[in-house]
A.B. asks: 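Sharing a structure here in structure tokens format.
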Amino acid sequence: MRALAKTNAAPGLELIDAPEPTCGPDDVKIRVLRAGLCGTDLHLEKWDEWAASTVRVPQIIGHEFFGEVVEIGANVTSVQVGQRASGEGHIVCGECRNCRAGRRHLCIRTIGIGVNRDGAFADYVVIPASNVWVQPDSMDPDVGAVFDPFGNATHTTLSFPIAGEDILVTGAGPIGVMGAAIAKHVGARNVVVTDVSDYRLDLARAAGADRVVNVTRERVADAQRELGMREGFDIGLEMSGHPSAVEEMIANMNHGGRIAMLGLPAGPFPIDWSRVITHMITIKGIYGREMYDTWYAMSAMLQSSSALEHAVRSVITHRFPAEQWEDAFAAARSGQCGKVVMDWS
Ligand SMILES: NC(=O)c1ccc[n+]([C@@H]2O[C@H](COP(=O)([O-])OP(=O)(O)OC[C@H]3O[C@@H](n4cnc5c(N)ncnc54)[C@H](O)[C@@H]3O)[C@@H](O)[C@H]2O)c1
Ligand SMILES: [Zn+2]
Ligand SMILES: [Zn+2]
């Protein structure tokens, strides 16, 4: 089968002819139709310090995908051949305290599909049946392929009650844009989105943001004034991983404000702790998706709102055939894109 793999412990990737993965008794084999590119894949391709310390070559990468079930293991009853499915990319141990308590997203021994084991940039991927999220037959393959980042956005945005609140989203990448759309869907009052890129802020506006702020030219406080907000933001969704975004967010929160942080910073950075303390600001880290409550929530929201469905679809700006993976990576790296997907069908 075709597979996009890291074959050497060095920068780059190779489209190789690999043996098809075998389906164990508790596994499901999926023929990949679409796969989404994300920052993790760019790190792996570039072979930075994190990638070099994490990946053992050879390794097929890719973890955001949608496809058709072609084989199920002997013990599998929850999935049927012929069904369409997305996949949860975190495989958990099932034995640690959090797993046993049903908090699987907090597993201390999580393994990543396409990071610690062969992934979905291939004609076929095999995952445990418990990681399969069966989708309706009518699911658009492109939308099915972004359930992983849509789940990140859902997990972050639903972390705190949103209805009637004023929301600040820092970072208009695919996840920030979907977060803004979810906040509107759930009934937020003002949703303000920041970024340094007009291209991305246009996506945020199209997905329902009330006001966008390009922080290279404008301050968040200007938008607040314009919207008639007399107090700070109630909820912050940090989706950029940039220290200056966190700094400006903390500076513009209301007393008692709550911040959900998904963006991954490149390293440690200082923040204004005295403000966090005296304003009683709550800061919560967010990782992955709740397994599987987030998956239920996002599927249900998509089903009930064509506006949200439209917003999620609108973040997918580029699609390339798998053979043109280099163009796909170049588009994703350029930043002049929303979500980039590869067509493996
Ligand atoms: N915690 C998790 O489980 C998890 C999962 C997936 C992604 N992430 C992280 O979440 C973040 C969002 O993911 P994405 O795929 O949308 O990433 P992305 O890199 O496409 O988006 C980040 C956006 O932040 C913008 N940005 C840069 N500097 C900024 C600033 N000073 N103020 C505001 N915006 C700024 C960038 O222009 C970009 O549009 C990334 O940091 C990613 O690494 C975390
Ligand atoms: Zn990803
Ligand atoms: Zn565990």
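Each ligand, and each atom within it, is numbered from 1 in the order the structure gives. All residue numbers refer to positions in the sequence shown, counting from 1.
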A.B. asks: Does the residue P149 have a heavy-atom contact with ligand 1, meaning some pair of atoms that are separated by less than 4.0 Å?
C.D. replies: no

A.B. asks: Apply the side chain to side chain contact (heavy atoms under 4.5 Å, CB included) test between V169 and each candidate in T157, V193, V192, T194; give the one that qualifies.
C.D. replies: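 The residue from T157, V193, V192, T194 that satisfies side chain to side chain contact (heavy atoms under 4.5 Å, CB included) with V169 turns out to be V193.
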
A.B. asks: Just which atoms of ligand 1 are under 4.0 Å from any heavy atom in S244?
C.D. replies: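 Close to S244: 31 (N).
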
A.B. asks: Heavy-atom distance to atom 28 (N) of ligand 1: which of H90, E238, H242 wins?
C.D. replies: H242

A.B. asks: Could you establish whether G39 and ligand 1 come within less than 4.0 Å of each other, counting only heavy atoms on the residue side?
C.D. replies: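 G39: no contact with ligand 1 (<4.0 Å).
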
A.B. asks: As an exercise, identify every atom of ligand 1 less than 4.0 angstrom from a heavy atom of G288.
C.D. replies: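 The atoms of ligand 1 under 4.0 Å from a heavy atom of G288 are 2 (C), 3 (O).
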
A.B. asks: Taking C-beta and beyond as the side chain, do I127 and I113 meet within less than 4.5 Å on heavy atoms?
C.D. replies: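 I127 vs I113: side chains touch.
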
A.B. asks: Just to confirm, does any protein heavy atom lie below 4.0 Å from atom 13 (O) of ligand 1?
C.D. replies: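 Within 4.0 Å of atom 13 (O) of ligand 1, protein heavy atoms are found.
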
A.B. asks: Between V193, N214, T194, N152, flag the one that comes closest to atom 33 (C) of ligand 1 by a heavy atom.
C.D. replies: T194

A.B. asks: With the Zn ion (ligand 3) at the centre, find the angle made by SG from C107 and SG from C99, to 10°.
C.D. replies: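 Rounded to 10°, it measures 100°.
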
A.B. asks: So that I can check it, does any N, O or S atom in E64 come closer than 2.8 Å to the Zn ion (ligand 2)?
C.D. replies: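 Of the N, O and S atoms in E64, at least one lies under 2.8 Å from the Zn ion (ligand 2), which means yes.
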
A.B. asks: Could you pull out, from R289, R200, H105, M261, the option with a heavy atom nearest to atom 18 (P) of ligand 1?
C.D. replies: R200

A.B. asks: Using a strict 4.0 Å cut-off to heavy atoms of M239, name the atoms of ligand 1 that fall inside it.
C.D. replies: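 Contacts of ligand 1 toward M239, numbered from 1: 11 (C), 12 (C), 22 (C).
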
A.B. asks: Which of the numbered atoms in ligand 1 are under 4.0 angstrom from any heavy atom belonging to S240?
C.D. replies: 24 (O), 26 (N), 34 (N), 35 (C), 41 (O)

